[in-house]
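To start, the structure under review is shown below, and the notes come after it.
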Amino acid sequence: QVQLVQSGGGSVQVGGSLRLSCLASSHRNSGYYIGWFRQAPGKEREGLACFYGAGFYRDYEYYSDSVKGRFTMSQDKSNNTVYLQMDTLKPEDSAMYYCAARTTMRWSLEAADYGFWGQGTLVTVSS
């Protein structure tokens, strides 16, 4: 079991930046990998980015084409927190954002692969 508590988000103008945080109750060494998703009104939940694998120094990262080059994941294992830095934000980035945890090592942006979810945080990008 792992509990995820999100913070960050809010409103920003086009081209601005925001950072989301996801605090996990269980340490990464317990075998959980974090992914980030978003869901805009009337749209399906979209997978954005995830950690996967277990590199010697760090986990690997995978990004969807819609955010690659603009969003960056990072994690602080000392305090069980994963971050999503969002830069060059666009109006179409406006959505409810969720972090989620899965146990499979292989990368995945499929919501069904994630068994634990944060409460969500709203991001609004205005032009």
Side-chain angles (χ1 to χ4, degrees):
Q1 291 286 334
V2 61
Q3 293 180 327
L4 304 173
V5 178
Q6 296 180 228
S7 60
S11 298
V12 67
Q13 291 190 329
V14 169
S17 299
L18 286 172
R19 189 177 80 161
L20 307 183
S21 301
C22 178
L23 172 64
S25 63
S26 181
H27 196 277
R28 163 65 182 89
N29 288 339
S30 298
Y32 295 102
Y33 292 89
I34 297 296
W36 287 94
F37 294 78
R38 69 185 178 191
Q39 188 165 18
K43 295 187 177 182
E44 293 188 354
R45 191 163 295 190
E46 175 189 9
L48 304 176
C50 68
F51 284 110
Y52 71 99
F56 188 78
Y57 293 108
R58 50 175 286 184
D59 295 335
Y60 301 106
E61 301 159 32
Y62 181 85
Y63 297 91
S64 70
D65 289 342
S66 62
V67 303
K68 191 179 301 180
R70 300 189 299 122
F71 290 12
T72 306
M73 294 181 66
S74 61
Q75 57 184 343
D76 184 342
K77 296 182 181 181
S78 67
N79 64 14
N80 297 343
T81 301
V82 173
Y83 303 96
L84 182 68
Q85 177 67 40
M86 307 185 296
D87 299 318
T88 319
L89 285 162
K90 306 174 182 180
E92 53 264 41
D93 293 319
S94 297
M96 188 70 80
Y97 283 70
Y98 300 89
C99 64
R102 73 183 196 282
T103 56
T104 54
M105 185 178 291
R106 183 183 180 276
W107 72 266
S108 172
L109 294 183
E110 294 293 330
D113 290 335
Y114 290 78
F116 307 95
W117 291 82
Q119 80 278 17
T121 185
L122 185 63
V123 171
T124 303
V125 183
S126 58
S127 56

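No experiment lies behind these values; they were computed from the predicted model shown.
- No side-chain N or O of Asp76 forms a donor-acceptor pair with one of Thr81 less than 3.5 Å apart.
- Looking at Leu20 and Thr121, their side chains come closer than 4.5 Å, going by heavy atoms from C-beta outward.
- Around atom CD of Gln85, more than 12 heavy atoms belonging to other residues, nucleotides or ligands sit under 6.0 Å away.
- Figure legend: cation-pi geometry between Arg19 and Tyr83, with NZ or CZ positioned under 6.0 Å from the six-membered ring centre and within 45° of its axis.
- Ring geometry for Tyr60 against Tyr52 counts as tilted: the plane angle lies between 30° and 60°, on a 0 to 90° scale.
- A salt bridge between Asp65 and Lys68 is present, with a side-chain N of the basic residue lying under 4.0 Å from a carboxylate O of the acidic one.
- A 4.5 Å side-chain heavy-atom check between Trp36 and Val67 finds every atom pair outside the cut-off.
- At a threshold of 4.5 Å between non-hydrogen side-chain atoms, the residues Leu84 and Leu18 do not count as touching.
- Residues that satisfy the side-chain contact (heavy atoms from CB on, under 4.5 Å) test with Ser66, not counting sequence neighbours, are Arg38, Glu46, Leu48, Ser64.
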Any chance you could lay out the salt bridge (Lys or Arg N to Asp or Glu O under 4.0 Å) test for Asp93 and Arg70, step after step, and finish with the verdict? CA-CA 11 Å; Asp93 293 319; Arg70 300 189 299 122; 2.7 Å; yes
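- Within 6.0 Å of CD in Glu92 there are more than 12 heavy atoms belonging to other residues, nucleotides or ligands.
- Cation-pi geometry between Arg102 and Trp107 is not met: the NZ or CZ atom fails to fall both under 6.0 Å from the ring centre and inside 45° of the normal.
- Taking the six-membered ring for Trp and the full ring otherwise, Tyr114 and Tyr33 have centroids separated by 6.0 Å or more.
- Using a 4.5 Å heavy-atom cutoff, the side chains of Met86 and Val123 are in contact.
- Other residues, nucleotides and ligands contribute at most 12 non-hydrogen atoms within 6.0 Å of the CD atom of Glu110.
- Relative ring orientation between Trp117 and Tyr98 is described as perpendicular, the plane-to-plane angle rising above 60° on a 0-90° scale split at 30° and 60°.
- Residues Val82 and Met73 form a side-chain contact, since some pair of their non-hydrogen atoms from C-beta on lies under 4.5 Å apart.
- In this structure, Ser108 OG and Phe51 CZ are separated by 15.0 Å, a value rounded to the nearest 0.5 Å.
- Taking the side chain as every heavy atom from C-beta outward, Leu89 and Val14 never approach each other to under 4.5 Å.
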